[in-house]
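All heavy atoms count here, side chains included; hydrogens, waters and symmetry mates do not. This one's a predicted model, so the numbers in the text were calculated from it and none came from an experiment.
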Amino acid sequence: MQCYYNLKKVGTGHCTKVPRNSNLEKLRSGYLFPEISRHESEHLRKNPDASLIRLGIGDTTQPIPDTITLAMAEQVRGLSTIQGYRGYGAEQGNMALRKAIAGKFYQDMGIKANEIFVSDGAQCDISRLQMLLGSNVTVAVQDPSFPAYIDSSVVVGQAGELEEETGKYGNIIYMNCGPENDFFPDLSTIPRTDIIFLCSPNNPTGHAASWQQLKQLVEFAKANGSIIVHDSAYAAYIRDGSPRSIFAIPGAKEVAIEISSFSKFAGFTGVRLGWTVVPEELLYSNGFPIIKDFNRIVCTCFNGASNIAQAGGLACLSTDGYQDLCKVIDYNMENAKILVDGFTSLGWKVYGGKNAPFIWVHFPGMSSWNVFAEILKKTNIVTIPGRGFGPAGEEYIRVSAFGRRQNILEALKRLNSFL
């Protein structure tokens with residue numbers, strides 16, 4: 001059995017005496033989005049002339065406004081001068097940007113600039129937070145939810161073995177979030193855990209938690225002594241007045257951490273810029289401030305976000321920059337409306353698309369992977385099988401509204417012929 005994987009699966013190589021991390025052995029074979037890319041590549045290999053429309057992985061497609069790219073270009077040009085050159089910045093981020101984030105997104109919520117840590121993206125911060133929290137905490141996640149929460153929990157050792165029959169990991173509480181409970185967990189049925197991951201607006205369902213729902217969650221966390229990790233990466237898309245931050249809820253600073261990102265509202269998926277808020281009021285059970293430990297993690301694992309990206313972030317939050325971005329957001333949400341109306345007209349039950357750029361389409365009694373595969377095969381459209389977001393995602397597919405208008409309209413024509 002020695003060197004079994006390498007010799008039998010790969011065929012070549014030398015085995016060391018270093019054991020594999022047993023937590024990584026628990027993970028499913030592939031992370032969801034690279035797995036989708038693999039299926040896409042295989043489809044193109046078999047159909048090289050296929051005109052593919054990608055409505056799967058939620059990558060942005062609209063150009064970044066000039067107001068913002070010019071600021072980044074100016075920062076780049078400055079690096080070639082004595083006066084403009086900058087090397088390492090503060091690991092926590094440019095203070096001007098931290099102040100701008102506090103002013104734009106947390107005005108009147110009591111969040112201070114020093115509580116904001118600028119990063120290279122929300123997904124990276126999820127893993128840094130997991131490093132902070134360690135393996136000895138219990139966790140609860142929405143089901144369905146963004147797969148990084150569960151996968152990172154597995155990697156750091158919070159999870160038990162994968163239960164093949166249910167598709168769930170042991171030691172993780174899966175909070176069902178379906179249409180029967182308005183896509184928000186029934187907290188009366190949820191046992192106490194140390195950490196509660198919540199994404200609002202939710203990826204993949206598109207549901208934005210209401211004021212009452214988040215108030216209940218904060219009260220639940222306080223009563224149980226839990227910490228909420230709130231992902232607000234899609235907050236800029238909220239249209240109905242739902243809270244855009246957990247910190248809009250009184251008392252949340254004592255029980256919550258918030259992660260967010262420039263990726264989806266500013267088109268920075270390739271630029272990489274995000275932030276995490278850790279309030280000074282948030283304490284461990286022994287009274288030690290969590291912000292001090294997170295600062296230590298950041299200083300140990302990160303040399304700070306790119307100065308160029310941070311210059312772009314500042315431009316995003318300027319008056320002109322934010323106005324320009326709002327036009328792009330409106331464009332994407334119009335795409336979402338077109339998709340919602342299109343799927344509805346075809347007779348399918350559709351959720352989302354009102355407060356987030358994702359459409360959650362129900363195919364009762366059908367395997368989500370089979371629906372994904374059939375749509376790809378018959379229409380050359382890439383979606384995401386709901387099962388990839390958790391067991392409760394079965395029978396659904398997620399469709400992204402990030403796309404050029406002509407592709408959105410063409411996709412509906414193809415789907416009309418297929419469905």
Side-chain angles (χ1 to χ4, degrees), residues 28 30-47 50-61 143-148 167 178-179 183 199 201-207 234 237 264 269 332-354 356-419:
R28 296 179 184 273
Y31 187 64
L32 174 61
F33 301 116
E35 190 71 9
I36 296 300
S37 296
R38 186 183 67 78
H39 281 273
E40 179 184 316
S41 297
E42 180 64 16
H43 178 75
L44 287 174
R45 186 186 67 78
K46 294 178 180 178
N47 306 276
S51 175
L52 215 60
I53 297 177
R54 295 175 174 86
L55 301 180
I57 296 171
D59 196 0
T60 49
T61 59
D143 183 19
S145 68
F146 184 52
F183 294 100
C199 180
N202 178 263
N203 176 14
T205 67
H207 173 74
Y234 299 93
Y237 289 88
K264 302 304 170 69
T269 51
N332 290 326
M333 290 308 293
E334 181 62 26
N335 282 347
K337 183 179 185 303
I338 291 170
L339 286 168
V340 168
D341 291 345
F343 274 103
T344 301
S345 70
L346 293 172
W348 299 101
K349 187 65 177 177
V350 182
Y351 303 94
K354 297 178 180 178
F358 295 126
I359 292 83
W360 191 236
V361 189
H362 192 200
F363 291 82
M366 301 177 70
S367 158
S368 63
W369 276 101
N370 287 346
V371 174
F372 157 80
E374 281 297 299
I375 290 176
L376 178 59
K377 179 181 178 180
K378 301 291 179 59
T379 70
N380 294 313
I381 297 171
V382 180
T383 59
I384 299 284
R387 186 64 178 75
F389 297 97
E394 191 60 280
E395 300 186 353
Y396 291 85
I397 61 167
R398 193 198 76 177
V399 183
S400 169
F402 292 119
R404 294 182 175 87
R405 184 64 47 78
Q406 63 268 28
N407 287 342
I408 299 293
L409 296 173
E410 172 63 23
L412 285 176
K413 287 182 182 177
R414 296 183 191 180
L415 288 166
N416 187 57
S417 299
F418 171 62
L419 296 176

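Ring pair Tyr237/Tyr234 is tilted by interplanar angle, where 30° to 60° counts as tilted.
Proximity of a side-chain donor or acceptor of Thr269 to a complementary backbone N or O of Asp59 within less than 3.5 Å is not detected. Arg398 contributes no side-chain N or O that, together with a main-chain N or O of Thr383, makes up a donor-acceptor pair within less than 3.5 Å. The backbone N or O of Thr205 sits less than 3.5 Å from a side-chain atom of Asn202, completing a donor-acceptor pair. The backbone N or O of His362 lies less than 3.5 Å from no partner atom in the side chain of Glu395, so there is not a single donor-acceptor pair. With hydrogens and angles ignored, the 3.5 Å screen pairs no side-chain donor or acceptor of Asn203 with any backbone N or O of Phe146. Under the 3.5 Å distance criterion, the side-chain polar atoms of Thr61 are matched with a main-chain donor or acceptor of Gly403.
Across all their heavy atoms, Arg387 and Glu394 have their closest contact at CD-OE2, 3.7 Å. Ile397 and Pro385 make their closest contact through CG2-CA, 4.4 Å (heavy atoms, listed as atom of the first residue, atom of the second, distance). Scanning both residues, Ala411 and Leu55, for their nearest heavy atoms gives CB-CD1, 3.8 Å. The nearest pair of heavy atoms linking Ile381 to Ile375 is O-CG2, 3.6 Å. Across Gly167 and Pro391, no two heavy atoms sit closer than the pair O-CG, 3.8 Å. Taking each heavy atom of Asn380 and Ala50 in turn, the nearest pair found is OD1-CB, 3.4 Å.
Separation of atoms CG (Asn370) and CZ (Phe372) is listed at 11.0 Å; rounding is to 0.5 Å. Rounded to the nearest 0.5 Å, atoms OG1 (Thr379) and CD1 (Ile53) are 7.5 Å apart. In this structure, the separation between CG on Leu52 and CG on Asn47 is 9.5 Å, given to the nearest 0.5 Å. Atom CG of Asn407 sits about 7.5 Å away from atom OG of Ser51, to the nearest 0.5 Å.
For Arg405, the CZ atom is densely surrounded, since the number of other residues' heavy atoms within 6.0 Å is greater than 12.
Counting only heavy atoms from C-beta outward, the side chains of Val399 and Phe343 approach each other to under 4.5 Å. Here the side chains of Pro144 and Phe183 are not in contact, with every heavy-atom distance at 4.5 Å or above. Residues Asn332 and Lys264 have side chains not in contact (no heavy-atom distance under 4.5 Å, counting atoms from C-beta outward). Looking only at side-chain heavy atoms (C-beta outward), Leu376 and Glu40 stay at 4.5 Å or farther from each other. At least one side-chain heavy atom of Trp369 sits under 4.5 Å from a side-chain heavy atom of His39. For the pair Ile57/Ser37, a side-chain contact is recorded, criterion being any heavy-atom separation below 4.5 Å from C-beta on. For the pair Asn335 and Phe402, the minimum side-chain heavy-atom distance is 4.5 Å or more.
Comment: Glu42 engages Arg45 in a salt bridge, judged by a side-chain N to carboxylate O separation of less than 4.0 angstrom. Taking the charged nitrogens against the carboxylate oxygens, Glu410 and Arg414 do have a contact shorter than 4.0 Å, which makes a salt bridge.
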Report the C-alpha separation of Glu35 and Arg38 in whole Å, then their side-chain angles, then the decisive distance to 0.1 Å, and conclude whether the salt bridge (Lys or Arg N to Asp or Glu O under 4.0 Å) test is met. CA-CA 5 Å; Glu35 190 71 9; Arg38 186 183 67 78; 2.8 Å; yes
Hey, mind stepping through Ile384 and Phe389 against side chain to side chain contact (heavy atoms under 4.5 Å, CB included) and telling me if it holds? CA-CA 9 Å; Ile384 299 284; Phe389 297 97; 3.2 Å; yes
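Exactly one of Trp360, Phe358, Tyr351 qualifies for a side chain to side chain contact (heavy atoms under 4.5 Å, CB included) with Pro204. That residue is Trp360.
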